[in-house]
Amino acid sequence: MSSDYDPELEELLKKKIKQIMNTSKGMQENQKTQEELVAHLDSNTFDNFIKSHKVAVIDFWAEWCAPCIMLAPIIEELAKDYPQVGFGKVNSDENQDIAARYGVMSLPTVIFFKNGEPVDEVIGAVPREEIEIRIKELLK
């Protein structure tokens, strides 16, 4: 009667599982870092955020909004590429007061602030380049 236990195979499996766990942990930490680049703002933090950055880009979104979900990774990429710009997200459902203050009627809406004042906006899920052009203009 032969045994199916193979100590060498067991050792390889343990190493592979450890490798997968470390890779997964690294991916989670990387994702967390990207998410931290885009501040989640609410009524308590919004005004201070836009005033504390020379240029701020705020993404107004909602969980049910498919174009908002498509735009999110673009905002995260831009946040990584432009560390001198403040990037924030406002959940319009949870912060209707802020959305109303800036006349946000469609989602997603990205509003660009310079020195705490709104200076430009983009409505809809637009290509990265469309947002990037405006950021470069505001950084001049």
For this session: Hey, could you give me the CG/CD distance between Asn91 and Gln96, rounded to the nearest 0.5 Å?
Result: 9.5 Å
Exercise. Ala125 and Pro67: which non-hydrogen atoms are nearest, and at how many Å?
Worked result: CB-O, 3.7 Å
For this session: Nearest 0.5 Å please: distance from the CG atom of Asp120 over to the CD atom of Glu137.
Result: 9.5 Å
Exercise. Minimum heavy-atom separation for Cys68 to Leu107, with atom names?
Worked result: SG-CB, 3.7 Å
Exercise. For the atom pair NZ (Lys80) and CZ (Phe87), what is the distance rounded to the nearest 0.5 Å?
Worked result: 12.5 Å
For this session: Write down the atom of Asp93, the atom of Ala62, and the distance for their closest heavy-atom approach.
Result: OD2-CB, 3.7 Å
For this session: Might you work through the side-chain contact (heavy atoms from CB on, under 4.5 Å) test for Asp59 and Val38, ending with a clear yes or no?
Result: CA-CA 9 Å; Asp59 175 19; Val38 181; over 6 Å; no
For this session: Please check if Val55 and Phe113 belong to a single hydrophobic cluster, counting links between Ile, Leu, Val, Met, Phe, Trp and Tyr side chain heavy atoms closer than 4.5 Å.
Result: no
For this session: Describe, in one word, how the ring planes of Phe46 and Tyr102 are oriented to each other, choosing from parallel (under 30°), tilted (30 to 60°) and perpendicular (over 60°).
Result: tilted
For this session: Go through the steps for Leu37 and Glu76 under the test side-chain contact (heavy atoms from CB on, under 4.5 Å), then give the verdict.
Result: CA-CA 7 Å; Leu37 292 173; Glu76 289 169 7; over 6 Å; no
Seminar exercise, completed: Ile133 meets the side chain to side chain contact (heavy atoms under 4.5 Å, CB included) criterion, sequence neighbours left out, with none
For this session: Compare all side-chain heavy atoms of Glu121 with those of Val110 and state whether any distance is below 4.5 angstrom.
Result: no
Exercise. So do Tyr82 and Val57 actually touch side chain to side chain, heavy atoms under 4.5 Å?
Worked result: no
For this session: Say whether Phe60 and Ile69 are linked into one hydrophobic cluster, either directly or through other cluster members, by side-chain heavy-atom distances under 4.5 angstrom.
Result: no
Seminar exercise, completed: For Glu130, the salt bridge (charged side-chain N to carboxylate O under 4.0 Å, His left out) test, sequence neighbours excluded, returns Arg134
Exercise. Is Ile135 linked to Leu71 within one hydrophobic cluster, defined over Ile, Leu, Val, Met, Phe, Trp and Tyr using a side-chain heavy-atom separation of less than 4.5 Å?
Worked result: yes
Problem set entry | Met105 with Val126, same ILVMFWY side-chain cluster at under 4.5 Å | no
Problem set entry | Qualifying residue, where the test is side-chain contact (heavy atoms from CB on, under 4.5 Å) with Leu41 and the options are Ile50, Val90, Asn95 | Val90
For this session: Spell out, as yes or no, whether a donor-acceptor pair under 3.5 Å connects the side chain of Asp42 to the backbone of Thr45.
Result: yes
Seminar exercise, completed: Rounding to 0.5 Å, atoms OG (Ser106) and CD1 (Ile123) come to a distance of 5.5 Å
For this session: Just do the side-chain contact (heavy atoms from CB on, under 4.5 Å) check on Leu78 and Val85 with the steps written out, would you?
Result: CA-CA 9 Å; Leu78 289 165; Val85 174; over 6 Å; no
For this session: Could you tell me whether Lys114 and Glu117 have a side-chain N and a carboxylate O separated by less than 4.0 Å?
Result: no
For this session: Using the test ring-ring contact (aromatic ring centres under 6.0 Å, His included), find all partners of Phe49 that sit at least two apart in sequence or belong to another chain.
Result: His53
Exercise. Is there a chain of hydrophobic side chains (I, L, V, M, F, W, Y, each step under 4.5 Å between heavy atoms) that links Trp64 to Val104?
Worked result: yes
Exercise. Under 6.0 Å from the CD atom of Gln84, do we count more than 12 heavy atoms belonging to anything else shown?
Worked result: yes
